[in-house]
Amino acid sequence: MNASTKEKTAPAAVKSADRTVMLLEVLAASPHAMTLTELQQALDVPKSSLYMLLQTLVARGWLSCDLRLGTYGIGVRALLVGTSYLDQDPVVQAAAQVISELRVRINETVHLARLDGGDVVYLASRESQHHLRVISRVGRRVPAYATSLGKALLAARSDAEVDALLPAKFVALTENTVRDRRALHRQLAEVRARGYAFEREENTPGLCCFAVALPHGLLAQDAISCSVPLARLDPEHERQVLDGLFDAARAIGAGARRGV
């Protein structure tokens, strides 16, 4: 089959469905609710068509609308669909009890995340019981290059594959965030050599994080991590954290293969 034949047989995008998805993605990525004008500028869609789409999604509960301010945001139906994704995902199900036990074992916040393009998306968290702790990040999307979770998963790929996934320019989340590809490639080579990823204040000031990719499937898509405030990190606690992460990764991988 030649290229022209493939183009003819490829399904065409449904314009209304495409616009709906783009609208939801823009609002999900925004830190605040947006006006009709802001959305029109972001999507380059005729205002009349966009207005009708917004009203439909508000009526169905996918979006919320503040009539006083004239702004739109994500609605409760989107949350319900996201929750359904987590409820049905085999890796999340296999990890649930394991990461709860790991949190008790090391008393630090534990995360499960998945690589999605050039980002990691947090799928589950268990918070430590310390007063100084990391708050749950479920549903949050963070650049893979700035997290130990992302570095653990990027290290499972070649440098060329990593470059294809990541944006042309790295945005620094803190003053310690890696800023260029060569430096990241060096970090990933170290991750491959030692078998786990580590970052120090690249994502959040005052925090370091260790991560291990899950041994499930042909190419690692998921990883677990432990976030530790620098004030609590010493060599003994670091070893406790790493031993716990490796044990948990093996348990989750085995559970996912069994369909637990």
Side-chain angles (χ1 to χ4, degrees), residues 82 85-86 88-103 105-106 108-126 134 137-167 170 173 177-178 181-200 202-203 208-228 238 241-260:
Y85 174 85
L86 296 177
Q88 297 174 18
D89 187 86
V91 175
V92 174
Q93 297 307 304
Q97 184 62 32
V98 177
I99 62 174
S100 293
E101 293 171 352
L102 177 58
R103 198 279 302 166
R105 174 175 170 179
I106 60 179
E108 298 291 357
T109 299
V110 178
H111 300 293
L112 168 71
R114 178 163 297 160
L115 190 66
D116 181 36
D119 299 330
V120 289
V121 178
Y122 290 85
L123 302 180
S125 292
R126 299 292 186 273
V134 180
R137 298 176 175 179
V138 174
R140 182 182 173 193
R141 175 185 292 272
V142 182
Y145 59 80
T147 68
S148 63
L149 287 159
K151 294 178 198 289
L153 293 167
L154 292 176
R157 292 150 173 83
S158 68
D159 286 345
E161 290 171 325
V162 169
D163 288 344
L165 285 173
L166 298 182
F170 292 1
L173 303 185
T177 304
V178 64
R181 292 175 184 273
R182 288 186 179 180
L184 178 63
H185 290 169
R186 289 193 295 270
Q187 289 183 356
L188 296 182
E190 294 172 358
V191 173
R192 297 180 191 111
R194 66 177 174 241
Y196 67 89
F198 170 76
E199 60 91 356
R200 183 186 180 98
E202 288 194 52
N203 184 4
C208 63
C209 194
F210 302 86
V212 175
L214 299 185
H216 177 63
L218 297 176
L219 189 60
Q221 294 291 336
D222 305 299
I224 55 172
S225 72
C226 176
S227 300
V228 186
E238 178 177 336
V241 166
L242 289 171
D243 288 346
L245 284 172
F246 281 114
D247 289 346
R250 285 190 290 268
I252 296 169
R257 288 190 293 272
R258 292 196 305 270
V260 174

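All figures in this text were calculated on a predicted structure; none of them were measured in a lab.
Put simply, CD1 on Ile224 and CD1 on Ile99 are 8.0 Å apart, with the number rounded to the nearest 0.5 Å. The line from CD of Glu108 to OG of Ser225 is 11.5 Å long, rounded to the nearest 0.5 Å. Distance check: Leu153 CG to Gln221 CD gives 7.5 Å after rounding to the nearest 0.5 Å. Taken from CG in Asp159 to CG in Leu154, the straight-line distance is 10.0 Å, to the nearest 0.5 Å. How far CZ of Arg140 is from CG of Leu123: 14.0 Å, rounded to the nearest 0.5 Å. Here the straight-line distance linking atom CG of Asp247 with atom CG of Leu242 works out to 11.0 Å at 0.5 Å rounding.
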Using the rule given for side chain to side chain contact (heavy atoms under 4.5 Å, CB included), can you reason through Ile106 versus Val228, listing the C-alpha separation, both sets of side-chain angles and the distance that settles it, and then say yes or no? CA-CA 10 Å; Ile106 60 179; Val228 186; over 6 Å; no

Please assess Val142 against Leu173 for the test side chain to side chain contact (heavy atoms under 4.5 Å, CB included), listing each intermediate value before the final yes or no. CA-CA 9 Å; Val142 182; Leu173 303 185; 3.8 Å; yes

Run the side chain to side chain contact (heavy atoms under 4.5 Å, CB included) check on Val178 and Glu202 step by step: do they pass? CA-CA 7 Å; Val178 64; Glu202 288 194 52; 3.7 Å; yes

Could you give me the CA-CA distance, side-chain angles and deciding distance for Leu102 and Val98, then say whether side chain to side chain contact (heavy atoms under 4.5 Å, CB included) is met? CA-CA 6 Å; Leu102 177 58; Val98 177; 5.5 Å; no

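Proximity of Tyr196 to Leu245: side-chain heavy atoms (C-beta onward) are nowhere separated by under 4.5 Å. Proximity of Glu190 to Phe198: side-chain heavy atoms (C-beta onward) are nowhere separated by under 4.5 Å.
Residue Arg192 places its CZ atom among more than 12 non-hydrogen atoms of other residues, nucleotides or ligands, all under 6.0 Å distant. The local environment of CZ in Arg194 is crowded, with over 12 non-hydrogen atoms from other residues, nucleotides or ligands closer than 6.0 Å.
Nearest heavy-atom pair, Leu188 versus Lys151, reported as atom, atom and distance to 0.1 Å: CD2-O, 3.5 Å. When all heavy atoms of Ala113 and Val120 are compared, the pair lying nearest together is CB-CB, 4.3 Å. Scanning all heavy atoms of the two residues, the minimum distance from Ala249 to Val212 falls at CB-CG1, 3.9 Å. Of all non-hydrogen atoms in Asn203 and Ala146, the two that sit nearest each other are CB-O, 3.4 Å. Taking each heavy atom of Glu199 and Thr147 in turn, the nearest pair found is CG-C, 4.0 Å. Across every non-hydrogen atom of Gly117 and Leu165, the tightest pair is O-CD2, 3.7 Å.
Taking the six-membered ring where tryptophan is involved, the planes of Tyr122 and His111 are perpendicular, since the angle between them exceeds 60° and thus also 30°. A parallel orientation is assigned to the rings of Tyr145 and Phe170, their planes being inclined by less than 30° (bins at 30° and 60°).
A side-chain donor-acceptor contact under 3.5 Å links Arg157 to the backbone of Ala220.
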